[in-house]
Structures are given as C-alpha cells and as structure tokens.
Peer 1: 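Sharing a structure, written as structure tokens. Questions coming.
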Amino acid sequence: MDNFFPEGTRVWLRENGQHFPSTVNSCAEGVVVFRTDYGQVFTYKQSTITHQKVTAMHPVSEEGVDDMATLTELHGGSIMHNLYRRYKRNQIYVFRDS
C-alpha cells in the first residue's frame, strides 16, 4: 500500500477469512504491527499489505449503532463488533415507539 495508516488508526484487519477490529500499533522500517480488540497481535511487512487485508474503520463502526441496517461496513466482524459495543453499553435490545 502506498499510503499507510498512521499509528493509532482504527482498521479492519482481515485474517483467516474474518474481519478483526484492530489498531495500528506501529509502522516503522517497513513493518506494520496491528493489535486486535481481542488482544491478538499481527505483524506484516508493509509491502505485503493490500486493501483486501486492511481497510480503514468508519467512525460509525467504532461507536456502534442501534439499528444494524445502518452499519456502513457490513461483514461478520462489524456485526459482532457492533453487538459487543451494544452489550458493553447495556443496550442489547432496541425498543421502537410504535
């Protein structure tokens, strides 16, 4: 990737067919280190990273949404991450006025 994400950037890291919410821990000397929200650490040579492997996380995905249909990134990782964010806020259920 020509323009890489700076340290601290929130990204989706695709590994073994799954999307992991992650943070760029470091990017130096051609090596990029990612830490997933689940504590896993992945290290890659910057020259091997593609847009299929790493994509920027939309701020809505980071904050979470009440209605899953409004997720800007729709894949298994974003759905599970959103459910986790709602669980942490004790907002598992969504109630709508009729």
Peer 1: Does the pair T9 and V11 meet the rule for a side-chain contact (heavy atoms from CB on, under 4.5 Å), with working shown?
Peer 2: CA-CA 6 Å; T9 301; V11 297; 4.0 Å; yes
Peer 1: Does Y84 sit in a hydrophobic cluster with other residues, and if so which ones, taking ILVMFWY side chains as linked at heavy-atom separations under 4.5 Å, directly or through other members?
Peer 2: none
Peer 1: Can you run down the salt bridge (charged side-chain N to carboxylate O under 4.0 Å, His left out) pairs that involve residues 72-85, sequence neighbours left out, and say none if there aren't any?
Peer 2: none
Peer 1: Going by salt bridge (charged side-chain N to carboxylate O under 4.0 Å, His left out), name the pairs with one or both residues in residues 43-54, residues two or more places apart or in two chains.
Peer 2: E15-K53
Peer 1: Does M57 share a hydrophobic cluster with M80, counting links as ILVMFWY side-chain heavy atoms below 4.5 Å and allowing steps through other members?
Peer 2: no
Peer 1: Counting heavy atoms not belonging to M68, are there more than 12 under 6.0 Å from its CE?
Peer 2: yes
Peer 1: Same cluster or not: W12 versus F5, using hydrophobic residues (I, L, V, M, F, W, Y) connected whenever any side-chain heavy atoms lie under 4.5 Å apart?
Peer 2: no
Peer 1: For the atom pair NE2 (H75) and OG1 (T55), what is the distance rounded to the nearest 0.5 Å?
Peer 2: 6.0 Å
Peer 1: Identify, with sequence neighbours excluded, every residue that meets side-chain contact (heavy atoms from CB on, under 4.5 Å) alongside L74.
Peer 2: L71, I79
Peer 1: Report all side-chain donor-acceptor pairs from residues 18-34 shorter than 3.5 Å, counting only partners two or more places apart or in another chain.
Peer 2:
| residue | atom | partner | partner atom | Å |
| --- | --- | --- | --- | --- |
| S22 | OG | F20 | O | 3.0 |
| T23 | OG1 | R10 | NH1 | 2.8 |

Peer 1: Please round to the nearest 0.5 Å and tell me the distance separating atom NE2 of H58 and atom OG of S78.
Peer 2: 12.0 Å
